[in-house]
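Take a look at the structure below.
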Amino acid sequence: MSSHSPARLRLHDSRQRRIVDFQPIDPGHVRLYYCGPTVYDLAHLGNLRANLTADLLVRLLRVLYPRVTYVRNVTDVDDKINARAAELGISIGTLTDATLADFHADLAALGVLPPDIEPCATAHVGEMIAMIARLVEDGHAYEAEGHVLFSVRDFPGYGQLSGRDPEALLAGARVEVAPYKRDGGDFVLWKPSPAELPGWDSPWGRGRPGWHIECSAMSHRYLGESFDIHGGGTDLIFPHHENERAQSLCAHPHGEFARFWVHNAMLLVDGEKMSKSLGNFLTIRDILARAPAEAIRLLLMRTHYRSVLDFSDAGLIEARRELDRFYRGLEAHPGVVAGALPDSVLSALTDDLNTPAVLAAMHRLADAAIAGDARAASGLRAAGAQLGLLALDPSEWFRGGEDAVEIEAAITARLEARRVRDFARADAIRAEWLARGVAMEDGPAGTTWRRVPAGGTA
RNA sequence: GGUCCGGUGGCAGAGUGGUGAUGCAGCGGACUGCAAAUCCGCGAAUGUGGGUUCGAUUCCCGCCCGGACCUCCA
């Protein structure tokens, strides 16, 4: 167990590559920005991991500080969107609206709280153009063949976030370097857009923004030149965050952009990398069809956010069993309400979001609650509320669903079989229902039932 | 090839310069018609070779293995 003060947040900062004390710029108002979805397809488990990490961080910050503003953008102008809309034969707006609605529904199903501000890129092109114009004016960017490019040579801090050698970055991509770039590492701020694709008038002609500028423009608009935390997956560190940082620091040289950078590690599925380009990604919807939402949520919290997580069905079943244990703790104290968040839970959370340690603390609370400790049950409830877990009534967790009448009838039939000591028949009924995902359990007070993974051995 | 991260019981997964959490699985016992749940108890791990140290799983170096990034990615 960590021994630091429970209310002092220690957080890993990617730029410094170490765990540091989190010091907000304004302790009265913590501000953070996360890179949100590009809305062209259903969200997958990797997206969920990033958004859940943000959710846990924001929930914790709200406990520690009086005011938190969490901004998560929506990328609704992008080449992948254009391609997808054309492929489906629908308008870009139809695609982005529908995808965003799906995204919201999926995250809500997982208990991920919405951000305070969710700006769309297409609503902030004016801010992007203004920022690009400023970069051009100050000599940090140049126009070439209708494109506007950021000059990485010009920014001495380039490479600092991702820990890369600036000289090597000047060379840029290994494969192709557009001929109009001064240095291979220069990246696009603005590019020309043909009539059939989304475009906006600009000082450089009709065009659309490059990938990175929207986050710089929108974080500035809503959080200012300097804010506390910027987050996302580790795969965004380079080039996306490195470029955002370069743009923002050059456009606003008196600001510090993001003070702390929080990045979650990638997720594997059965040991394999999951990515959109490989096409092997599991969507949030796929998994919701296979397991209770809280089990999915807990599964993701069983691994620290900075460690690679290998998603598997076995893990899902284990997560479900852990929740069984927690709900048994609550079931032992009907009507228990959340009390104060136990220090064991808070100190684990403030220790760089050590969720595995939080779960260990919750197991101790559940053990105590089952043994009769009402205060522990109350603490367990509070821990669950903090993590976005244990939101159900125990009876709903164990016995929710629609076939309760049929199950009760089977139990009655089985009790009769037991009464006449026809144990073969009693066992057959129990086995049949277990295969259907219902475990029948005989106790001193009669027979109860609960749901288990279908075909399971629980 | 370059940069970075990591290797902990059967599996999952934390922490720590000095008795190595927690969960799942397993084993023994209580309870049960038998199970389940619950309770009591048990076994089980720091990739490898060096170095620093009174002491290393932890710090340093080499090696082996895995992963990430290197301009689509959460």
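Each chain gets a letter, A, B and so on, in the order its sequence line appears, and its residues count up from 1.
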For this session: Grab the CG-P distance between A/Leu170 and B/rU71 for me, whole Å please.
Result: 15 Å
Problem set entry | Listed partners of A/Arg31 passing side chain to side chain donor-acceptor pair (under 3.5 Å), at least two apart | none
Exercise. Which whole-number value in Å describes the distance from A/Phe423 CZ to B/rA36 C1'?
Worked result: 16 Å
Exercise. According to a strict under-4.0 Å criterion, is A/Thr234 in side-chain N/O contact with OP1 or OP2 of B/rC69?
Worked result: no
Exercise. Taking atom C1' of B/rA12 as reference, at what distance in whole Å does atom CG of A/Leu298 sit?
Worked result: 12 Å
Exercise. Looking at the side chain of A/Asn243, which of B/rU71, B/rA74, B/rU22 is the nearest nucleotide?
Worked result: B/rU71
For this session: Quick one: sort the A/His230 and A/Phe227 rings into parallel, tilted or perpendicular, breaks at 30° and 60°.
Result: tilted
Exercise. With a 4.0 Å cut-off on heavy atoms, is A/Ala50 in touch with a base, just the backbone sugar-phosphate, or nothing at all?
Worked result: sugar-phosphate
Exercise. Under 4.0 Å: is that the gap between some side-chain N or O of A/Ser307 and OP1 or OP2 of B/rA14?
Worked result: yes
Exercise. Using a cut-off of 4.0 Å on non-hydrogen atoms, how would the nucleic acid contact of A/Met440 be classed: base, sugar-phosphate, or nothing?
Worked result: base
Problem set entry | Nearest-Å distance once atom P is located in both B/rC64 and B/rG29 | 49 Å
Problem set entry | Complement of B/rG26, any strand, by Watson-Crick or G-U distances under 3.5 angstrom | B/rC42
Problem set entry | A/Arg399 CZ to B/rA37 P, straight-line distance once rounded to whole Å | 15 Å
Seminar exercise, completed: Between A/Pro37 and A/His212, whichever has its closest RNA chain B nucleotide further toward 5' is A/His212
For this session: Kindly say if A/Arg328 contacts the phosphate of B/rU38, meaning a side-chain N or O under 4.0 Å from OP1 or OP2.
Result: yes
Exercise. In whole angstrom, what separates A/Tyr327's OH from B/rU38's P?
Worked result: 16 Å
For this session: Looking only at side-chain atoms of A/Leu236, point me to the closest of B/rU22, B/rG13, B/rA74.
Result: B/rA74
For this session: For B/rG9 and B/rA44, measure between their C1' atoms and round to the nearest Å.
Result: 5 Å
For this session: Determine, for A/Arg325 against A/Asp367, whether the closest basic-nitrogen to carboxylate-oxygen distance falls under 4.0 angstrom.
Result: yes
For this session: Assess A/Arg10 against A/Phe22: is NZ or CZ under 6.0 Å from the centre of the six-membered ring, and within 45 degrees of the ring's axis?
Result: no
For this session: Grab the CG-P distance between A/Leu299 and B/rG13 for me, whole Å please.
Result: 9 Å
Exercise. What nucleic acid atoms does A/Arg414 come within less than 4.0 Å of, heavy atoms only: base, sugar-phosphate, or nothing?
Worked result: base
Exercise. Closest to the A/Met266 side chain: B/rA74, B/rG15, B/rU71?
Worked result: B/rA74
Exercise. Is it the case that A/Tyr305 and A/Asp352 place a side-chain donor and acceptor less than 3.5 Å from each other?
Worked result: yes
Exercise. Does B/rU71 have OP1 or OP2 sitting under 4.0 Å from an N or O in the side chain of A/Lys181?
Worked result: no
Exercise. Between A/Tyr158 and A/Asn264, who's closer to the 5' end of RNA chain B by nearest nucleotide?
Worked result: A/Tyr158
Exercise. A/Phe238 side chain: which of B/rC70, B/rA14, B/rA68 is closest?
Worked result: B/rC70
Exercise. Looking at OG of A/Ser216 and CZ of A/Phe257, how far apart are the two atoms once the value is rounded to the nearest 0.5 Å?
Worked result: 4.5 Å
Exercise. What nucleic acid atoms does A/Ser162 come within less than 4.0 Å of, heavy atoms only: base, sugar-phosphate, or nothing?
Worked result: nothing
Problem set entry | Whole-angstrom distance between B/rG2 and B/rA56, as gauged at atom P | 33 Å
For this session: Pick base, sugar-phosphate or nothing for A/His240, based on heavy-atom distances below 4.0 Å to the nucleic acid.
Result: nothing
Exercise. Using the P atom in both, what is the distance from B/rC40 to B/rU22, to the nearest Å?
Worked result: 13 Å
Exercise. Considering only the P atoms, how many Å lie between B/rC59 and B/rG15, rounded to the nearest integer?
Worked result: 12 Å
Problem set entry | Distance, C1' atom - from B/rC63 to B/rC24, rounded to whole angstrom | 34 Å
For this session: Tell whether A/Arg430 reaches the base of B/rC34 with its side chain through a donor-acceptor pair below 3.5 angstrom.
Result: yes
Problem set entry | Spacing between A/Leu359 atom CG and B/rG15 atom C1', to the nearest angstrom | 15 Å
Exercise. Taking A/Glu294 for the side chain and A/Leu390 for the main chain, is one N or O donor matched with an acceptor at less than 3.5 Å?
Worked result: yes
Exercise. What does nucleotides 23-32 of chain B look like as a protein-contact string, B for base, S for sugar-phosphate only, - for none, at under 4.0 angstrom between heavy atoms?
Worked result: BSS-------
Problem set entry | Per A/Arg164 side chain, nearest of listed nucleotides B/rA74, B/rC69, B/rA14 | B/rC69
Exercise. Closest to the A/Asp235 side chain: B/rA37, B/rC69, B/rA14?
Worked result: B/rC69
Exercise. What does A/Ile370 touch in the nucleic acid at a heavy-atom separation under 4.0 angstrom: a base, only the sugar-phosphate, or nothing?
Worked result: sugar-phosphate
Problem set entry | Base partner of B/rG33, which must satisfy Watson-Crick or wobble distances under 3.5 Å | none
Exercise. If you measure only the distance, is there a donor-acceptor pair under 3.5 Å linking the side chains of A/His140 and A/Gln247?
Worked result: no
Exercise. Could A/Arg418 and A/Phe423 be counted as a cation-pi pair, given that NZ or CZ must be under 6.0 Å from the ring centre and within 45° of the axis?
Worked result: no
For this session: Decide, yes or no, whether a salt bridge links A/Arg208 with A/Asp79 under the criterion of side-chain N to carboxylate O below 4.0 Å.
Result: yes
For this session: Go through the side-chain N and O atoms of A/Asp286 and A/Thr283 and say whether any donor and acceptor fall under 3.5 Å apart.
Result: yes
Exercise. Considering only the P atoms, how many Å lie between B/rG20 and B/rU46, rounded to the nearest integer?
Worked result: 11 Å
Seminar exercise, completed: Checking N1-N3 plus N6-O4 or O6-N4 for Watson-Crick, or N1-O2 and O6-N3 for wobble, each under 3.5 Å, the partner of B/rU48 is B/rG62
Problem set entry | G-U wobble or Watson-Crick pairing nucleotide for B/rU3 (cut-off 3.5 Å, both distances) | B/rA68
For this session: Between B/rC60 and B/rU52, how far apart are the C1' atoms? Round to whole Å, please.
Result: 7 Å
Problem set entry | Atom-to-atom span, CG of A/Asp427 to P of B/rA36 - whole angstrom | 12 Å
For this session: Would you indicate what A/Gly163 reaches in the nucleic acid, counting non-hydrogen atoms under 4.0 angstrom: base, sugar-phosphate, or nothing?
Result: sugar-phosphate
For this session: Would you state whether a donor and an acceptor, one from the side chain of A/Asp351 and one from the base of B/rG15, lie under 3.5 Å apart?
Result: no
